[in-house]
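A quick write-up on the structure given underneath.
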Amino acid sequence: MASLWDDEADVVIVGYGGAGASAAVAAHDAGAKVLIVEKNDGGGNTKLATRTFISPQNNAAAQQHIQALSSGTLDQQTLDSCLHWMSQNNDFIRELGGEVEICPPGATFPSLPGAETMIRYRVKASESERGGESLWSLLARNVEARKIRILRRTAVAKLVRAEDEIIGVEANQAGRRIRIGAKRAVILTTGGFEYNEEMKREYLAGYPIYAYGHPGNTGDGVKLAQDAGAD
């Protein structure tokens, strides 16, 4: 019997920016066979970012700040998970072989309560690296060192379901449709929708809004999740 899949892995990651690279490293180090599917060449907004990331203190003031940023819409479980993992960002960078240093300015919204907990850091970089390149270079080196496979120029078009479970993806690669099976998980790390005017009109107050970001951020992951039944 012919296989249902053209390719297969334990964990299939859709999108190869900073989040996709981090997820790939974490899944690999947990023992999974990982495959990354990227519609462009990789890097995403991380490579274009303003060189910093936040590794906040995990305390009541930080919770208050993030709740203020979200206008009080986050449930407690999500908030606890967010701070639990964000506060370990520096440890993660060190585990990957990088060094961190504090990098001004401070919090983006300093007038909100708890802003003092939102401490910005950057990966120490060579003089030739600018923007988010130092962070992206560190992540990409770790993906490469683990020999994690990447399908570039491959755009995921559909999540494949079996009843209530996501079991793979369908993607367009060089003019043909391929099916990729995921034995354990599909992870969507596809960025936002800065370059999708229809979605911006629908979801963002104050339209028109223009953002500097990767032109591949067209809301693919949001639409994939919606098509699979997400709100």
Side-chain angles (χ1 to χ4, degrees), residues 11-29 34-56 82 85-86 88-108 118-156 169 171-173 186-197 199-200 204 209-224:
V11 176
V12 175
I13 296 173
V14 184
Y16 185 41
S22 299
V25 167
H28 174 277
D29 290 1
V34 180
L35 176 62
I36 301 171
V37 186
E38 163 60 40
K39 74 175 181 179
N40 295 298
D41 293 318
N45 270 10
T46 297
K47 193 173 181 180
L48 301 174
T50 55
R51 75 184 177 179
T52 66
F53 59 90
I54 295 173
S55 189
C82 172
W85 292 107
M86 285 177 66
Q88 298 181 51
N89 280 341
N90 285 344
D91 292 336
F92 181 61
I93 294 298
R94 295 185 185 105
E95 288 171 10
L96 298 183
E99 295 181 67
V100 298
E101 57 188 0
I102 292 177
C103 182
T108 304
M118 298 292 122
I119 304 171
R120 291 185 184 272
Y121 296 88
R122 66 181 175 193
V123 175
K124 285 188 177 181
S126 68
E127 290 189 9
S128 64
E129 291 176 321
R130 295 291 181 267
E133 288 181 355
S134 57
L135 173 56
W136 173 248
S137 295
L138 177 67
L139 292 170
R141 285 198 304 271
N142 274 271
V143 169
E144 182 178 352
R146 288 163 173 78
K147 296 180 170 55
I148 296 170
R149 286 199 302 136
I150 307 167
L151 298 182
R152 291 182 168 86
R153 298 289 167 177
T154 304
V156 172
V169 302
N172 297 316
Q173 183 187 66
V186 173
I187 302 177
L188 299 178
T189 59
T190 57
F193 49 90
E194 300 96 301
Y195 286 84
N196 186 314
E197 294 304 313
M199 293 182 74
K200 285 160 65 176
L204 297 184
I209 294 172
Y210 303 101
Y212 173 67
H214 194 283
N217 282 10
T218 53
D220 297 19
V222 175
K223 290 182 285 186
L224 288 169

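Note that the numbering runs from 1 along the sequence shown for the chain. Since the model is a prediction, treat every value here as computed from it, not as a measurement.
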Under the rule for side-chain hydrogen bond (donor to acceptor under 3.5 Å, both in side chains), what residues qualify as partners of [X], not counting sequence neighbours?
X	value
Asp29	Arg146
Lys39	Thr218, Asp220
Asp41	Arg153
Gln88	His84

Sequence neighbours excluded, which residues qualify as side-chain contact (heavy atoms from CB on, under 4.5 Å) partners of [X]?
X	answer
Ala171	Thr154, Val156, Ile178
Glu144	none
Ile54	Pro56, Met86, Met118, Arg120
Ser22	Phe92, Leu139

* **Partner set under salt bridge (Lys or Arg N to Asp or Glu O under 4.0 Å) for Glu99, not counting sequence neighbours** =>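 Salt bridge (Lys or Arg N to Asp or Glu O under 4.0 Å) check on Glu99 returns Lys124.
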* Which residues pass the salt bridge (Lys or Arg N to Asp or Glu O under 4.0 Å) test with Lys200, sequence neighbours left out? -> Glu197
* **Validation row: Phe53, Val123 side chains within 4.5 angstrom (heavy atoms)** =>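 Result yes, sub-4.5 Å side-chain heavy-atom pair found.
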* Between the side chain of Thr189 and the main-chain N/O of Gly15, is any donor-acceptor distance below 3.5 Å? ->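 Yes, the answer is positive, given that a donor and an acceptor are paired below the 3.5 Å cut-off.
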* Asked: Do side-chain atoms of Glu38 reach the backbone of Tyr16 as a donor and acceptor pair under 3.5 angstrom?
  ->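 Judged by distance alone, yes, a pair lies under 3.5 Å.
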